2 protein chains.
Amino acid sequence: MAIPRPGKPVRGSQSGAPIMAVFDLLGRRWAMGIIWNLSRGAASFRALQGYCETISPSILNSRLKDLREAGLIELVSDGYQLTAMGEKLFQLLKPFGDWAIHWAKSVSDDDPARWDNYRTRKD
Amino acid sequence: MAIPRPGKPVRGSQSGAPIMAVFDLLGRRWAMGIIWNLSRGAASFRALQGYCETISPSILNSRLKDLREAGLIELVSDGYQLTAMGEKLFQLLKPFGDWAIHWAKSVSDDDPARWDNYRTRKD
DNA sequence: TTCGGCGCTACACTATCAGTAGCACCAGTA
DNA sequence: TACTGGTGCTACTGATAGTGTAGCGCCGAA
C-alpha cells in the first residue's frame, strides 16, 4: 500500500487525505469535463469526443478508465453513464456553472486579453 | 483572441464555455489543493510547499501565477491569500471534503488495493 | 460482401510536472 | 562590517502526461 508499484507511474495523493486524492483524480485533464457532460445522460465514446472537442481518443480512454476505477462512471448498453456516486459528485460540481460565468465576466472586464489564458482557440 | 500566441503553449478551453475554462484552470495539478490550503488563511510560499508536500517550487510558482492571473488569489504582506472571488470558489469546493470521505470509503471497501491509485506513497 | 460507423489502440511528438541545486534578497547578530 | 540562516523564486534535467493522427477489429445495414 505504501509502496509505489513498479511499471506504474506514481501519481497519487501522497498525504493520505481523501480530499487530496479527489483533487488528484479530478485534476487530471478533462476529468471534470467528462463528468459534466455525462450529467446529461449516457453518452457513447464518440459522443464524448464530440463534447470535449479537442480530447484525443487515447486520453479519453485513459480518463474513462480512471473514472470507472474510481467508481464514478460505468459502462452500460448505450455507452458510459454516471454511477450514483458520480451523480452525487456532479451535484457538487453543478454550482460551478454559475460561478464560472461570474468569474469569466470579472476576468474579461478587468483585462480582456487575459481571458486568452483560458480560451486560446475558437470563438 | 482566437490565435494561439507563439511561444506560449496552447492550453485553454477551446469551446468558449466558461465552465470548461474553469475546469481547465482547476484541472492543472495542485490548483485545487492550493485553494483548499489557502482557505485557512494567508500562507507563505514555503508554507504552501509544506502543505502540498511533494510539489516542486517551479510548479508551485507557476500555479500561483495562474491563480493570480485568474484573480483567485493575491499577494499580500504575509504571503498569498484568497481574493473574494477565490473565497467564493472555496465555498463551492468545501462540500467536496465530505464527499471525498464517503468516496474513499466506498473505494476501499470495494477493493482496498484500488485505493493505491490515489495514494501511492506514505501512510 | 462491401460499406460505414463504432470503440479503441499505436505511435511519434509536445507540453507539463518532478526533483534538485542554487541565486538574490533581507533581518538578525556579532 | 561581514556572517548566517531563512525566504521567494529561478534554472536546469529527466520523467510523465497529453496531443494528433492513422488505423485496427468488430458489428449491423444494405
Side-chain angles (χ1 to χ4, degrees), chain A residues 4-15 20 23-34 37-38 42-69 73-81 116-118 120-122, chain B residues 4-15 20 23-34 37-38 42-69 73-81 117-122:
Chain A
R5 272 95 47 95
K8 253 213 139 181
V10 172
R11 179 171 191 184
S13 162
Q14 280 136 28
S15 68
M20 286 303 168
F23 288 162
D24 179 62
L25 179 66
L26 297 183
R28 298 174 193 185
R29 207 170 179 196
W30 298 109
M32 290 187 286
I34 289 170
N37 282 309
L38 282 180
S44 68
F45 191 94
R46 297 254 164 161
L48 284 169
Q49 260 189 295
Y51 297 154
C52 298
E53 303 204 25
T54 61
I55 195 174
S56 64
S58 45
I59 288 304
L60 176 55
N61 189 43
S62 131
R63 213 51 71 235
L64 289 171
K65 186 167 167 255
D66 294 343
L67 296 173
R68 244 184 305 159
E69 286 179 353
I73 66 175
E74 61 193 345
L75 198 45
V76 291
S77 62
D78 42 349
Y80 294 89
Q81 74 177 15
D116 287 0
N117 289 339
Y118 316 106
T120 45
R121 285 200 295 236
K122 294 193 177 167
Chain B
R5 272 96 46 97
K8 251 213 140 181
V10 172
R11 178 170 192 184
S13 161
Q14 281 137 26
S15 68
M20 287 302 168
F23 288 161
D24 179 63
L25 179 66
L26 298 183
R28 298 174 192 185
R29 208 171 178 194
W30 298 110
M32 290 187 286
I34 289 170
N37 282 308
L38 282 180
S44 68
F45 191 94
R46 298 254 163 164
L48 283 169
Q49 260 189 293
Y51 297 154
C52 298
E53 303 203 25
T54 62
I55 194 172
S56 64
S58 46
I59 290 303
L60 176 55
N61 190 44
S62 132
R63 212 54 69 236
L64 289 171
K65 187 167 166 256
D66 293 343
L67 296 174
R68 243 184 305 158
E69 286 178 354
I73 66 175
E74 61 192 345
L75 199 45
V76 292
S77 62
D78 43 349
Y80 294 88
Q81 74 177 17
N117 289 339
Y118 316 106
R119 48 199 265 241
T120 45
R121 284 201 296 237
K122 293 192 177 167

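Note that these values count all heavy atoms, side chains included, but never hydrogens, waters or copies made by symmetry. Below, chains carry the letters A, B, ... as their sequence lines are ordered, and counting in each starts from 1. This structure is a prediction, so every number in the text was calculated from the model and none was measured.
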In this structure, how many angstroms lie between the C1' atom of D/dA17 and the NZ atom of A/Lys65, rounded? 14 Å

Need the bend value for the helix from C/dT1-D/dA30 to C/dA30-D/dT1: angle between end axes, 5 pairs each end, nearest 10°. 10°

Could I get the full list of side-chain contact (heavy atoms from CB on, under 4.5 Å) partners for A/Ala31, not counting sequence neighbours? A/Arg63

I'd like a list of close polar pairs between nucleotides 9-12 of chain C and the protein, N/O only, cut-off under 3.5 Å.
residue	atom	partner	partner atom	Å
C/dT9	OP2	A/Asn61	ND2	2.1

Taking only the side-chain heavy atoms of A/Arg63 (C-beta and beyond), determine which of D/dA17, D/dC9, C/dC17 contains the nearest atom. D/dA17

Selected nucleotide, minimal atom distance to B/Ile59 side chain, candidates D/dT19, D/dG18, C/dC17: C/dC17

Distance, rounded to the nearest Å, where A/Arg29 contributes CZ and C/dA15 contributes P: 12 Å

Could you identify which residues of residues 73-80 of chain B place a heavy atom less than 4.0 Å from some atom of DNA chain D, listed by residue number, or say none? B/Tyr80

So A/Ser62, base contact, sugar-phosphate only, or nothing? Heavy-atom distance under 4.0 Å. nothing

side-chain contact (heavy atoms from CB on, under 4.5 Å) partners for B/Ser62, two or more places apart: B/Asp66

Please report, rounded to the nearest Å, how far the P atom of D/dG18 is from the CD atom of A/Gln49. 16 Å

Between B/Phe45 and B/Leu60, which heavy-atom pair has the shortest distance, and what is it? O-CD2, 3.6 Å

Those residues at least two apart in sequence (or on a different chain) that pass side-chain contact (heavy atoms from CB on, under 4.5 Å) with B/Asp78 are B/Ala42, B/Val76

Between the base of C/dG5 and the side chain of A/Arg46, is there a donor-acceptor distance below 3.5 Å? no

Backbone N or O of A/Gly33 within a donor-acceptor pair of the A/Asn37 side chain at under 3.5 Å? yes

